[in-house]
Amino acid sequence: MERVIIDCDPGIDDSLAIMLALKSPEIEVIGITIVAGNSPVELGFMNAKRILKFLGRLDIPVYAGADKPRIRDYVNALDTHGEDGLGESFLPEVEGQNVPEKSAVEFMKETLREGDVSVIALGPLTNLARLIDEDTDAFLLIKRLVSMGGNFKSHGNCSPVAEYNYWEDPDSARLVFNTLYEHHRKIEMVGLDVTRKIVLTPEILDEMKMVNPQVGDFVEKITGFYFKFHWEWEHIRGCVINDPLAVAQFINPEILKGFEAYTDVETSGISMGQTVVDSCGFYRKESNAIVFTEVDKSAFWSMFITRVLNIETSKYAERFGQYCKL
Ligand code: BDR
Ligand code: CA
C-alpha cells in the first residue's frame, strides 16, 4: 500500500477524487491537506469533512493550508463549483470538527520525513511551494508527485492558454517545477489534454444511480451545478471531472501516456499560468515533468465506477461499457 497525502481544494471533482482514493486498496490516504483554490480554505476544510463523513472515514486527518496564492490576489472558482464549493448541495456541516492547530505544511514536513510518502496535488501548488520555502529537503522526499494542472496542446479553462490550478497561483507552480528541475526530479502533470476527455455524462450518472442509488444520488447532488456550468460555457452534456484522473494515474500508471519534457510556468502577462512545455528540446534542459497526452478512458471509467459504486468489474462491463467507450 502506498502512503499518500491528498492536497486539494474541494471542490466537486476533488470530492470525486477523494471518493476514488478511499475506495482503492492500493493506497492509504494518511492525510488530506487543504489549499485555497476552488473554495476558500475554510470552506475546503469543511467540504473535505463532509465527503469523509459520507464515506464514513472521519478518521482521516484534514489540515488547513495556504489561504491565498504566493503573490497574486486570490480568485476562487465558486462560479464553477457553486457557492458552497460542492455544487450547491448544501450538505450539513459536520459537527465538532475544529481546524487542527497543526498546519498543512507542518503535517507534510513531519510525514514526508518518515519517508515513502507520495503527494497527489489536486489544487493550486501553494502548500507545496510553502513546503519548499520551509523545508526543501522534506519536499524532495516526496516519492511520487502527481499534479492535476496545466496543459500542453489543449486550450486552457481560465484563459486561452492557462488551466485554473496553475493560473490561480502561477508563482507557486513555477517554484515547484523549477525546484524539481534543480534537483533532477519530475512531476507527473495530469493536465487538461487528458482530463478534458473524462466527461461524466448524464447517461453514466443515470446508470450509477440505478446500480447504487446511495452513491449515485450523492454524485448527482454535487455534480448538478457542474453540469449546468459546462452546458452554459462549453456546450458539453455532463461535466469534465479532472481530479479523479490524477488519482487513477497514481494507482495505475498505464492509464495515461505522455512524454518527458522540461516545463516551466509563466507567472505574468497575457499568458499567466501557462505551462510552457519544451517538447522539442529548444532549451536543452533536462526534463522535470512527465506531460500526459493520451488517456485510456475505458480503464479510467472501469476503475472509477467499480470502486466508487462497489460493484464487480464484470457487472461494469455489462452495464457501463457502451458509455465508457464514448
Ligand atoms: C482544476 O481546477 C478546479 O476547478 C478543479 O478542481 C481541478 O482541480 C481544473 O482546472
Ligand atoms: Ca481541484
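Along the sequence shown, the residues carry numbers beginning at 1. Start at 1 and go down the list; that is how both ligands and their atoms are numbered.
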| field | N, O or S atom of Leu122 closer to the Ca ion (ligand 2) than 3.0 Å | value | yes
| query | Judged by non-hydrogen atoms, does Asn165 sit under 4.0 Å from ligand 1? | reply | yes
| Can you find a non-hydrogen atom of His81 under 4.0 Å from ligand 1? | yes
| said: Just to confirm my output: which protein heavy-atom neighbour is closest to atom 4 (O) of ligand 1, and how far is it? | reply: Asn38 OD1, 2.8 Å
| What are the atoms of ligand 1, with element, lying closer than 4.0 Å to any heavy atom of Asn242? | 9 (C)
| Within-cut-off N or O pair, Tyr226 and ligand 1, under 3.5 Å | no
| query | Where is the nearest protein heavy atom to atom 9 (C) of ligand 1: which residue, which atom, and how far? | reply | Glu163 OE2, 3.2 Å
| request: Step by step, work out the ring-ring contact (aromatic ring centres under 6.0 Å, His included) result for Phe177 and Tyr166. | output: CA-CA 11 Å; Phe177 277 76; Tyr166 295 176; 5.7 Å; yes
| note | Checking heavy atoms under 4.0 Å, the part of Asn157 that sits near ligand 1 is side chain
| message | Checking a contact table here: which protein heavy atom is nearest atom 6 (O) of ligand 1, and how many Å away? | response | Asp13 OD1, 2.6 Å
| Within-cut-off N or O pair, Leu122 and ligand 1, under 3.5 Å | yes
| the Ca ion (ligand 2) to nearest N/O/S of Asp13 less than 3.0 Å | no
| remark: Within 4.0 Å of some non-hydrogen atom of Asp243, the atoms of ligand 1 are 5 (C), 6 (O), 7 (C), 8 (O)
| query | Taking non-hydrogen atoms only, is Thr80 closer than 4.0 angstrom to ligand 1 via side chain, backbone, both or neither? | reply | neither
